[in-house]
**Q** 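What follows is a single structure, and I will ask about it in a moment.
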Amino acid sequence: MTPFRAVLFDFFGTLTTAVRRGPRHAVIAQLLGSDLATLTTVLDRTYYTRASGMFGSAEADLRFVCDRMGTQPSDDALRTALTIRADVLRAETRLRADAVSTLRTVRDQGLRTALVSDCTYEVAAYLPHLPIATLLDTLVLSNEVGECKPAAPMYLTACERLDVTPEECLYIGDGGSRELTGAAEVGMTAVRLAAPDLHQHLTFEADTGWVGPSAVSLSDAVGMLDPAFQRHLPRAGVAPTARGCDRSRATATVRDRPPVRQDAGRD
């Protein structure tokens with residue numbers, strides 16, 4: 001078996017706890033001339049379109065949301081909503097208690113690290129300022145790559161930047177966006193983080209067919225780097241019914257792709 005040289009982490013629901021929308025989202029909706037239910041629906045349905053980075057800026061992204069809601073807020077109202085939205089998203093992002101220690105453990109073993117995340121412009125702006133930033137060798141963000149998981153470029157970009165092959169990578173994620181399937185299909189070993197709080201997390205296109213290894217904490221997940229575990233780790237973990245999926249359909253910048261909702265969460 002090829003020894004691991006790098007560990008790739010998902011962000012939302014993996015390095016962070018489950019994210020839930022707080023009451024300040026209603027203020028954003030009001031500023032944009034809508035109500036919370038409509039804003040939430042449009043944010044969810046357009047997530048992949050916006051996370052693919054096709055609008056070029058957070059302001060253009062939010063104007064697209066307003067177009068979908070049928071509202072025309074003033075420039076001042078839009079700018080205020082942008083400021084509040086950025087503050088809210090950052091405030092609602094809470095790192096897992098073992099996120100920093102897990103990344104340190106990986107680096108202490110001489111392995112490289114990467115964050116591979118589907119995200120919008122606001123998230124890309126605050127990620128570099130989080131405590132985990134200095135423990136990550138690279139950030140691979142969908143709005144910069146121009147595609148979302150499970151598209152191969154999301155994983156292969158990380159490999160290129162880290163100077164490793166997919167077979168040398170352990171990928172850890174909660175399973176949203178069929179990320180585990182995507183990682184396995186490019187040749188990585190993928191592990192599902194099955195933390196107890198994730199039943200509250202918003203999940204888009206969950207990896208429901210995943211039958212590979214799982215762990216209840218980040219600490220347990222990186223324990224699979226131990227050679228004794230590696231001998232028993234499968235290189236792929238997708239149930240037969242989930243294999244052979246049409247990646248071109250699933251990973252294109254599809255407009256208004258409906259997510260699978262589990263309570264509330266990321267934007």
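Because the structure is predicted, anything quoted here is derived from the model rather than measured. Scope of the values below: all heavy atoms of this structure, side chains included, with no hydrogens, waters or symmetry mates.
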**Q** Show your reasoning for whether side-chain contact (heavy atoms from CB on, under 4.5 Å) applies to Val123 and Thr93.
**A** CA-CA 9 Å; Val123 177; Thr93 300; over 6 Å; no
**Q** Say you draw a straight line from OG1 of Thr189 to CG of Leu8; how long is it, rounded to the nearest 0.5 Å?
**A** 11.5 Å
**Q** As a quick check of understanding, evaluate side-chain contact (heavy atoms from CB on, under 4.5 Å) for Asp118 and Tyr48, giving each step before the final call.
**A** CA-CA 8 Å; Asp118 290 346; Tyr48 284 107; 3.9 Å; yes
**Q** How would you list, by chain and number, every residue that makes a side-chain hydrogen bond (donor to acceptor under 3.5 Å, both in side chains) with Tyr171, sequence neighbours excluded?
**A**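 For Tyr171 the side-chain hydrogen bond (donor to acceptor under 3.5 Å, both in side chains) partners, ignoring immediate neighbours, are Lys149, Glu179.
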**Q** Please enumerate all residues that pass side-chain hydrogen bond (donor to acceptor under 3.5 Å, both in side chains) together with Arg63, with sequence neighbours excluded.
**A**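 Counting only residues at least two positions away or on another chain, Arg63 forms a side-chain hydrogen bond (donor to acceptor under 3.5 Å, both in side chains) with Glu59, Asp75.
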**Q** Could you walk me through whether Arg112 and Asp137 pass salt bridge (charged side-chain N to carboxylate O under 4.0 Å, His left out), step by step?
**A** CA-CA 6 Å; Arg112 308 208 71 192; Asp137 291 303; 3.6 Å; yes
**Q** Within the distance-only criterion (no hydrogens, no angle test), does the side chain of Arg68 pair as donor or acceptor with the backbone N or O of Arg45 below 3.5 angstrom?
**A**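 Side chain of Arg68 to backbone of Arg45: no pair is present.
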**Q** Report the distance from atom CG of Leu36 to atom CD of Gln30, rounding to the nearest 0.5 Å.
**A**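 It is 11.0 Å, given to the nearest 0.5 Å.
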**Q** With the threshold set at 4.0 Å, does a side-chain nitrogen-carboxylate oxygen contact exist between Arg50 and Asp61?
**A** yes
**Q** Taking Thr157 for its side chain and Met154 for its backbone only, find out whether a donor-acceptor pair lies under 3.5 Å.
**A** no
**Q** Exactly one of Thr14, Leu15, Leu180 should register a side-chain contact (heavy atoms from CB on, under 4.5 Å) with Leu193. Which one does?
**A** Thr14
**Q** Determine yes or no for a side-chain-to-main-chain donor-acceptor pair under 3.5 angstrom, with Tyr121 supplying the side chain and Gly53 the backbone.
**A** yes
**Q** Does Asp197 reach the main-chain N or O of Ala18 with its side chain, forming a donor-acceptor pair under 3.5 Å?
**A** yes
**Q** Assess the side chains of Arg192 and Ser214: does a donor N or O sit below 3.5 Å from an acceptor N or O?
**A**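 Looking only at side-chain atoms, Ser214 and Arg192 do not form any donor-acceptor pair under 3.5 Å.
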**Q** Does a sphere of radius 6.0 Å around CD in Glu144 hold more than 12 heavy atoms from other residues, nucleotides or ligands, not counting ones at 6.0 Å or beyond?
**A**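 Counting other residues, nucleotides and ligands, CD of Glu144 exceeds 12 neighbours.
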**Q** Of all the heavy-atom pairs spanning Ala133 and Pro128, show the shortest one and how long it is.
**A**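 Closest pair (atom of Ala133, atom of Pro128, distance): CB-O, 3.2 Å.
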**Q** So, do Cys159 and Met188 sit near enough that their side-chain heavy atoms are less than 4.5 Å apart?
**A** yes
**Q** Do Asp35 and Thr38 pass the side-chain hydrogen bond (donor to acceptor under 3.5 Å, both in side chains) test, and can you show the C-alpha distance, the side-chain angles, and the key distance before you say yes or no?
**A** CA-CA 6 Å; Asp35 57 80; Thr38 300; 3.1 Å; yes
**Q** Could you tell me if the side chain of Phe64 sits less than 4.5 Å from the side chain of Thr49, heavy atoms only?
**A**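 Heavy-atom side-chain distance check passes, below 4.5 Å.
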**Q** First locate atom CG of Leu89, then atom CD1 of Ile84, and finally report the distance between them rounded to the nearest 0.5 Å.
**A** 11.5 Å
**Q** Got Thr113 and Leu135 here, is their nearest side-chain heavy-atom distance under 4.5 Å?
**A**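 When only atoms from C-beta onward are counted, Leu135 and Thr113 do not touch, as no gap falls below 4.5 Å.
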**Q** Which heavy-atom pair separates Leu31 from Pro73 by the least distance, and what is that distance?
**A** O-CB, 3.7 Å
**Q** Please round to the nearest 0.5 Å and tell me the distance separating atom CD1 of Ile132 and atom CZ of Phe9.
**A** 9.5 Å
**Q** Less than 4.5 Å apart, any side-chain heavy atom of Thr120 and any of Arg85?
**A**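 Yes. Closest side-chain heavy atoms under 4.5 Å.
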**Q** Using modelled atom types and a 3.5 Å cut-off, is there a donor and acceptor pairing between side-chain atoms of Ser74 and backbone atoms of Ala77?
**A**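 Judged by distance alone, yes, a pair lies under 3.5 Å.
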**Q** For residues Pro153 and Val145, report the shortest heavy-atom separation together with the two atoms involved.
**A**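 For Pro153 versus Val145, the nearest heavy atoms are CB-CG1, 4.1 Å.
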**Q** When you compare the side chain of Val140 with that of Tyr155, does any pair of heavy atoms fall below 4.5 Å?
**A** no
**Q** Can Glu168 and Thr165 be counted as having a side-chain donor-acceptor contact under 3.5 angstrom?
**A** yes
**Q** Are any non-hydrogen side-chain atoms of Glu205 and Ser177 less than 4.5 angstrom apart?
**A** no
**Q** Is it possible for you to say whether Val222 and Val216 belong to one hydrophobic cluster, with membership spreading through side-chain heavy-atom contacts below 4.5 Å?
**A** no
**Q** What residues, two or more places apart in sequence or in another chain, satisfy side-chain hydrogen bond (donor to acceptor under 3.5 Å, both in side chains) together with Asp98?
**A** Ser219
**Q** What's the spacing between Leu127 CG and Phe11 CZ if we round to 0.5 Å?
**A** 4.5 Å
**Q** Given side chains that start at C-beta, do those of Leu225 and Leu111 come closer than 4.5 Å, heavy atoms only?
**A**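 Heavy-atom side-chain distance check passes, below 4.5 Å.
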**Q** Where the side chain of Thr17 meets the backbone of Arg96, is there a donor-acceptor pair that is under 3.5 Å apart?
**A**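 Answer holds: no.
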**Q** Just wondering, more than 12 heavy atoms not from Gln72 lying within 6.0 Å of its CD?
**A**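 Not buried by this count: 12 neighbours or fewer within 6.0 Å.
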**Q** At what distance, to the nearest 0.5 angstrom, does CG of Asp207 lie from OG1 of Thr181?
**A** 3.5 Å
**Q** Is there side-chain contact between Pro166 and Leu156, with at least one heavy-atom pair below 4.5 Å?
**A** yes
